[in-house]
Amino acid sequence: MMNILPPVILLVPVIFSLSYFARRFRILHLLSASVTAAAALLLNLTSVSESSFFLVDSLNRPIVLTVASIYLLSVAFGLGYHSRLGESRNLRFHLSLMDLFAASMLFSLMVNDFGLLWIGVEATTVSSALLLVIEREPLDVEAAWRYVVIVSAGLTIGLISVIMIYFVYGTLSISVLLSAKRAVSIPLEIAAATALVGYGTKIGLVPMHTWLPDAHSRAPSEVSAMFSGVLLPVAVYALFRVYQVTSSARMEYLYLFFAVMTVAIAAFMLVSQRDLKRMFAYSTMENMGLMVLGFIAGGVGYAGAIVLLVSHAFGKAGAFYSSGNVLESYRTRNIADIRNMRENMPHTSISLLFSSLSVTGSPPFGTFIGEFLILLSLYMAGFWYISAIVAACLAIAFASINYKVAGMVFSTSGEGGGEVGASQRAVAMTAFILSAAVTVAFFAAGGFHLG
Amino acid sequence: MLISALAVQISSYIRPMINTLITQSVLLAAMATYLGIAERNYLLILLAALIVLLRGVLLTYVLAKRLPQGRKFIREYSTGTGTALLSSVVVFIVSFILYRLAFYPSVGHPDGAIALALITQGMLLILTRRNSFAHFIGFVEEENGIVLMSLSIIALPLVIEINILLDVLALVVAGAVLIHEKIEHVPVRELMG
């Protein structure tokens, strides 16, 4: 009976994307996201037997729920954020694309085939490319173009990994390969390396990250939240699935090297950021690098990576929703020009401040637990030097982001346009509260015994 | 295939680049047909027909339709024929060496080297050009290289191949909307750092 849930989760947003033609399209899109989120929650509470097309396990269940939840929050935020677009075709098209974008991410997560997994990740690029250009500003178009060209060109390299896996095993079924006996071989190492380049481009690993700050900073805020919060983690999931069937000692070092480089470069880039959304984009890069480190280190790091993934998704979504509210009120994205938020935007200043604390790994947010477990697993695996480098980078990132956000919130002079709509504020607040709720869920699920 | 990649690389007019891409796709389809007949695998012949239809006709039609009206020749001044030729040959050599050292000892299939060369040529085109059309032609060339690699080493299941072809077509259609907004891409101060 519960095997019906994966197709329901996939089909609901696809069917509701047709509400482009409906008069009450806003309600229908919201209904689509709500039903998808409810089905995803049910998926986490019930057991689903294995099928040849879908794979649902302890790894992708919480990610499916996270994607569905961010999809719901983003649709709710977008309806308020783009209210001035009225009944326009632009808004209808935008919301329909959001449905398809969510569907393509959910497809990538649940599909039981490496070939279809690649197709799903590529489909996320197809469905999200035009989400960036709702306002058709020249810079948005340029950012969208860079996103499409760089990510597609990079992902194509990832297809070599699919060919190599098929060459070695003669099947692309993920569940079959996960239970198959593995041996280290050169073709599998080529698969692991090309997947690192391919999916690494989508994740934003250095040096394939150049599209990421542009696309995240120029996209409408609800789309930035979906990009940072769930799209990139879906690519991390795809990369880890390939790693699970192709890993070797050499590949472990290669993956760790690129992940550490990403954390380090992102931390140092954060110091000089002047654009609010660009700053959070670099913070996303840093968190993605951490997730890859956690998954590769294994043990408690694996649990840490999942906790970080879920908690970061909500925290980062809250940060981007708050940034969108700031942009709407102050009409600038320049951090130096955003002042005295505490008086001008009392609610948004709270959501921005706590979201920033969340994405930089402060307690009581789940990100703190995730980061702690990842650092601990690296230390326990003998990579104490990586653990030390990453801890130093986290400290730099924490100081950079929170110093700038505190400057915007607590400075005493400066004028803004006042608070934005109640629904936008409520969505931003809900997101960062859910990031803290991940901590409660973590302890309820067994706490530190999970790893 | 290699000559077509070289021709795309040194061309500065967009229309001939699109025509060369059609030729490349037809050559790819011819190879799939040949393999299909030789191995009595009729799914490969179906794949060849789809390559001609989706890559050779539909995809190039979408690109050609986006060429600005009233301008017969769209030209992009790249770094010059000499430099393009030289860098292209260097990339060819590096690709062949890479395949010989990394792939060939365990994978075999020497024709896979041509596929890898085609993939890297596509990437080189994306890296060296500033024109949207050239970027997409480079991307499609890269995808042609992947199909060639699959045909050379091991043919992927047809459902995967068809989905990849459709996915790329959809991406080009979505990208065509962006091409409509902007053709030339230069560094922008706001998108730096």
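Not measured: the values here are computed from a predicted model. Chain A is the first sequence line, chain B the second, and so forth, proteins listed ahead of strands; every chain is numbered from 1. Because only heavy atoms are used, hydrogens play no part in the values below, and waters and symmetry mates are left out as well, while side chains stay in.
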Identify, with sequence neighbours excluded, every residue that meets side-chain contact (heavy atoms from CB on, under 4.5 Å) alongside A:Met208.
-> A:Thr201, A:Leu205
Over all heavy atoms of both residues, which pair between A:Pro187 and B:Val107 is shortest? Give the atoms and the distance, please.
-> CG-CG2, 4.1 Å
Side chains of residues 86-98 of chain B: which donor-acceptor partners sit under 3.5 Å, not counting sequence neighbours?
from: B:Ser87; atom 1: OG; to: B:Thr83; atom 2: O; distance (Å): 2.8
from: B:Ser87; atom 1: OG; to: B:Ala84; atom 2: O; distance (Å): 3.1
from: B:Ser88; atom 1: OG; to: B:Gln121; atom 2: OE1; distance (Å): 2.6
from: B:Ser95; atom 1: OG; to: B:Val91; atom 2: O; distance (Å): 2.7
from: B:Ser95; atom 1: OG; to: B:Thr120; atom 2: OG1; distance (Å): 2.7

Atom pair CZ/CZ of B:Phe103 and A:Phe167 - distance to nearest 0.5 Å = 11.0 Å
Please identify each residue that fulfils side-chain contact (heavy atoms from CB on, under 4.5 Å) with A:Ala144, with sequence neighbours left out.
-> A:Leu132, A:Val133, B:Leu178
Verdict with reasoning, B:Ile119 to A:Ile160, per side-chain contact (heavy atoms from CB on, under 4.5 Å) = CA-CA 10 Å; B:Ile119 294 168; A:Ile160 297 176; 4.1 Å; yes
Can you tell which part of A:Leu116 gets under 4.5 Å to a heavy atom of chain B, answering side chain, backbone, both or neither?
-> both
Does OH belonging to B:Tyr104 count more than 12 external heavy atoms closer than 6.0 Å?
-> no
Take atom CG in B:Leu127; do more than 12 heavy atoms of anything else shown fall under 6.0 Å from it?
-> yes
Largest heavy-atom contact set with chain B, pairs under 4.5 Å, which of A:Ser127, A:Ser152, A:Ala129 | A:Ser152
CZ (A:Phe268) with more than 12 external heavy atoms under 6.0 Å | no
Where does A:Leu130 contact chain B at under 4.5 Å (heavy atoms): side chain, backbone, both or neither?
-> side chain
Among A:Asp275, A:Thr210, A:Ile186, the residue with the most heavy-atom pairs under 4.5 Å to chain B is A:Ile186
Please look at A:Glu189 and chain B and tell me whether the side chain, the backbone, both or neither of the residue comes under 4.5 angstrom of a heavy atom of that chain.
-> neither
At a heavy-atom separation under 4.5 Å, does A:Arg274 approach chain B through its side chain, its backbone, both, or neither?
-> neither
Side chain, backbone, both or neither: which part of A:Ser272 has a heavy atom under 4.5 Å from chain B?
-> neither
B:Met123 side, atom CE; A:Thr156 side, atom OG1 - distance, nearest 0.5 Å | 8.0 Å
Verify the neighbour count for atom CZ of A:Phe93: are there more than 12 heavy atoms of other residues, nucleotides or ligands below 6.0 Å?
-> no
Heavy-atom pair count under 4.5 Å with chain B, highest-scoring of A:Val162, A:Val149, A:Asp113, A:Leu159 | A:Leu159
Among residues 140-162 of chain B, which ones touch chain A with a heavy-atom distance under 4.5 Å?
-> B:Glu142, B:Glu143, B:Ile146, B:Met149, B:Ser150, B:Ile153, B:Ile154, B:Ala155, B:Leu156, B:Pro157, B:Ile160
